[in-house]
Amino acid sequence: MDKTLIRRNFPVLYVLLLLAGLGLSSVSWSSSFVENQVASQAIDVVKDHPETALNDGWAYRWGDSPFSPAGVPQWTLPGSTLDWQPIEYPADPVARDDQSNIWFRVTLPNANLRDPVLYASSIDFLVEAYVDGQLIYRHGEFDDRGRGEFAGWPWHMITLPEDFAGKSIYFRVFSDYKNIGFWGEVKIAERVSILDQVVKESAQGLLVSGITLLIALMAGAFAVLQGQRRRFLCVCLFSLAAAGLVMGDIPVMKLVWNQPLFWNYIGAFAYFMLPIPMFMLLADWLSKSSFEVRHFTGLWMFHLAFLVVAAISSLLGIVNVTQLYPIFDGIFIVSLLFLIVSVLFIFHRVTGEQKVLILAYFGFCAVMILDMAVAHSWLSWANVPVSSGALIFSLAIIGLSFNHYLMTQRQFSELNSLLETKVEERTKQLETLAEKERLRSDFLQFQQDKLERISDITLALEGCHSLEAGVNKLGDLIVDLCEPFSGVYRIATQERWDVAHHWGDYGSLPAVDEGLITRTELWDDGGFFSLNVTDTRGVVHCVAILQVKLTGESKGYTVYGFLPLLKRAVEKISMVLTNIALREELQRYSYEDDLTGLKNRRFLDDVLEYEVATAERVGQPLSLLMCDIDHFKKFNDSYGHPAGDQALKVIAGLLKDSFRKADIACRLGGEEFVVLMPMASAEECLQKAEQLNLAVANTEVTHEGVPLGHVTLSIGIASYPMHTRDPDKLLKLADMALYDAKESGRDCIRLAKQN
């Protein structure tokens, strides 16, 4: 080993080792201090009041209890003994099927405790505890169906009432995980005794997480200050992941910040992150062993993609983080098997350092698989030392990396002088090429900016719903496209050309020539551009004109190069405006009833599907009113079809006036109308229907100045979720209610029957 190299790096190594030593001492002293303080308070209490394990007398009951109006679960009331089944331990009863709700109960023993609490290592997932019908503890939020979102995997300390002895405690549990119920130990003890236990169980985790964080700090410092950044960065990432994995499982963190879901996310994402730096390390260490390592690259990239998808989907609430553990475990095991087979082919030809790395890696993987087996109940419950395995692996990696770092630094120093000479020669060549490239880049950048602006303009115009909106919006966007040219943008309004926008030295531009309106003309220093729209009959209309002229510097782009580009842009914009006009005209024809001006049946079918999906997603009510004119055929026969059309127009006008702007009135056909009322309850819809009937009763139909009398309406109403939990059935239920109104003598309103 190069002694000069060691002396040169000795100050850095000394500082890092000193920080590590101080950090380890402080972490060890802090954990011991906290443990001794709590233990000194708890020792006398524990001697006088021993803990009591709840190992017998448990019973369970599938499903969820109904609640009394006062909020008391009926299954906790005296006499509710039916359907309770005995169970040795309150977890995973047989015949679960698709059940996600379960109740457990047990009789609390007689124990002489001053501050009694019930301690449970873990419960899947959400839980409420009741004594004498009163809620004494809750973890998570239950909805009206007894379900809820995952709120974390903490340990639970439930404060018991003073007179708990001999009473039954009931646990309401929800879990859509593969396990349901308790996990670990369940006991009654003094609060200070439980806190003492939590601190003791956390001491090793605090020490390990502190050490791994310091290792991450050291590796990060080497990655920043020295060479081999990729390798030390991998060590840093692995140590951070190991620290997060350990920290997420430290029980005392709940006392530091009572946010179990946060700590579960820390542990889960750190768990999912572990294979990434591990595979990156293997790829880096084995890349010089004549072995193709692209498989390892693919593995860590695949695990990185899984980590990103898992983080986004869980944080957005698409999936619970608990559902990701089995998927990750399966992927990790498959990846590990593939890795073992691959490494077996090259193990005999790798160096001693690489063999140590491989063995350390497989040792840590064995610990992780053992932990998976316990988590999935393939093995009986045991405390698997994952934190210790992570610490040993981190120490092995940092030792190998440091040793390898010292060896490669000498090689880097030998190459440094040679590289400096070549760099000087190459720098001179690059400076010459850079100047040429800068000039060319300025030329291309101007052209690229204009092309991007054209793309932005067409994209913005495509979002316009009317030709008028598109022409006006174009005026706001055209200036950036035309600079450095001065210009004027005019819009056709009532046979005039109004100036909508102008910029630069526009005063020197010529007046508008009517003969140029439908064509484009280019000059030496500018041009005239007509924006034309073709209607459905093939007639060309000029909707706007653009005049530009170069009055300043061209910014590296020639006039002859820019004007043809602007001409193509105007042609493309004209095509977009034509599409907007055609779409606007076709939409008006396809969605509007010609006689009444209301929306037609086709529009109703489209908008009903959207409103139904919205109502289901956001949980808002949706009401639908269906009506038709009573004895309309008789009205037509008596006064003629033109008078009947006039009656339809009158009813359409009353529909527009009687409902909210957000409500959608449609004519289904004939004398039948429908009003769709988003976010309106049945009561609100009924009020509007009564207002409509009153307006109809006070309105006389007249045709050509001749009064024809009054008409009446029969109305049917259906509302989601009052009448049906399936909003797709609203139209059918409203039609049935309308039929009921007709059968009841007409001129009345009927609500749909609840489905």
Side-chain angles (χ1 to χ4, degrees), residues 63-64 66 98 100-101 143-147 176 318 587 590-593 596 598-630 632 648 651-652 654-656 658-693 696 712-755:
D64 196 17
D98 295 329
S100 59
N101 288 90
D143 58 20
D144 295 338
R145 300 179 300 164
R147 304 173 65 86
D176 54 3
I318 300 174
Q587 186 174 18
S590 62
Y591 284 137
E592 192 171 285
D593 179 58
T596 63
L598 299 178
K599 299 301 181 181
N600 58 20
R601 176 62 180 265
R602 178 180 178 183
F603 182 82
L604 176 65
D605 292 339
D606 291 344
V607 76
L608 181 59
E609 180 179 358
Y610 170 79
E611 293 297 342
V612 162
T614 301
E616 285 186 303
R617 183 177 70 254
V618 302
Q620 295 290 344
L622 177 66
S623 297
L624 190 144
L625 179 149
M626 182 178 290
C627 65
D628 66 7
I629 304 174
D630 296 329
F632 186 68
L648 291 173
I651 297 301
L654 293 175
L655 284 172
K656 294 177 181 177
S658 300
F659 289 85
R660 308 171 304 178
K661 291 184 179 180
D663 301 333
I664 303 168
C666 306
R667 182 189 176 195
L668 291 186
E671 71 276 18
E672 194 170 21
F673 300 88
V674 166
V675 180
L676 186 64
M677 299 183 66
M679 294 187 292
S681 63
E683 292 79 5
E684 294 171 326
C685 187
L686 179 60
Q687 292 177 3
K688 290 294 182 181
E690 291 172 348
Q691 294 176 13
L692 175 63
N693 259 358
V696 172
T712 60
L713 297 180
S714 296
I715 301 176
I717 293 174
S719 180
Y720 163 85
M722 179 178 178
H723 298 123
T724 176
R725 301 300 297 184
D726 185 0
D728 288 323
K729 297 181 180 179
L730 281 179
L731 195 61
K732 181 178 179 182
L733 291 177
D735 186 53
M736 294 172 64
L738 174 61
Y739 180 78
D740 188 20
K742 292 180 179 180
E743 289 293 313
S744 300
R746 294 183 171 84
D747 191 17
C748 61
I749 304 170
R750 291 291 181 267
L751 294 174
K753 297 178 181 180
Q754 292 188 359
N755 188 0

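Quick caveat: nothing in here was measured; it's all calculated off a predicted structure.
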Is there a side-chain contact between [X] and [Y] (heavy atoms, below 4.5 Å)?
X: Glu672; Y: Ile629; value: no
X: Glu592; Y: Asn600; value: no
X: Ile651; Y: Val696; value: yes
X: Asp726; Y: Lys729; value: yes
X: Pro621; Y: Met722; value: no
X: Phe659; Y: Ile664; value: no
X: Leu751; Y: His723; value: yes

Gap separating the [atom1] atom of [X] from the [atom2] atom of [Y], nearest 0.5 angstrom:
X: Leu730; Y: Met626; atom1: CG; atom2: CE; value: 10.0 Å
X: Leu713; Y: Leu654; atom1: CG; atom2: CG; value: 8.5 Å
X: Lys732; Y: Thr724; atom1: NZ; atom2: OG1; value: 10.5 Å
X: Leu686; Y: Ser623; atom1: CG; atom2: OG; value: 10.0 Å
X: Asp593; Y: Thr596; atom1: CG; atom2: OG1; value: 3.5 Å
X: Ile749; Y: Gln687; atom1: CD1; atom2: CD; value: 11.0 Å

Residue pair [X] / [Y]: nearest heavy atoms and the distance that separates them:
X: Leu668; Y: Arg601; answer: CD2-CD, 3.3 Å
X: Leu622; Y: Ala615; answer: CB-CB, 4.0 Å
X: Asp747; Y: Asp630; answer: N-OD2, 2.9 Å
X: Cys627; Y: Ile715; answer: CB-CG1, 3.7 Å
X: Arg725; Y: Pro727; answer: O-CD, 3.5 Å
X: Val612; Y: Asp728; answer: CG1-OD1, 3.3 Å

Return the set of residues passing side-chain hydrogen bond (donor to acceptor under 3.5 Å, both in side chains) with Ser658 (not counting sequence neighbours), or none when no residue passes.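 By the side-chain hydrogen bond (donor to acceptor under 3.5 Å, both in side chains) rule, Ser658 matches no residue at all.
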For the side chain of Asp663 and the backbone of Arg660, is there at least one donor-acceptor N/O pair under 3.5 Å apart?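 Confirmed, Asp663 side chain pairs with Arg660 backbone.
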So does Asp605 get a backbone contact from the side chain of Arg602, meaning a donor-acceptor N/O pair under 3.5 Å? no
Could you pull out every donor-acceptor pair under 3.5 Å between side chains of residues 673-685 and any protein atom, sequence neighbours left out?
{"residue": "Ser681", "atom": "OG", "partner": "Glu683", "partner atom": "OE1", "Å": "3.3"}
{"residue": "Ser681", "atom": "OG", "partner": "Glu684", "partner atom": "N", "Å": "3.4"}
{"residue": "Glu684", "atom": "OE1", "partner": "Ser681", "partner atom": "N", "Å": "2.9"}

Answer with yes or no whether the side chains of Ser100 and Arg147 bring together a donor and an acceptor at under 3.5 Å. yes
Give the table of side-chain donor-acceptor pairs shorter than 3.5 Å for residues 733-742, with sequence neighbours excluded, one pair per line with atom names and distance.
{"residue": "Tyr739", "atom": "OH", "partner": "Glu743", "partner atom": "OE2", "Å": "3.4"}
{"residue": "Lys742", "atom": "NZ", "partner": "Asp628", "partner atom": "OD2", "Å": "2.5"}

Has Glu609 got more than 12 heavy atoms of other residues, nucleotides or ligands less than 6.0 Å from its CD? no
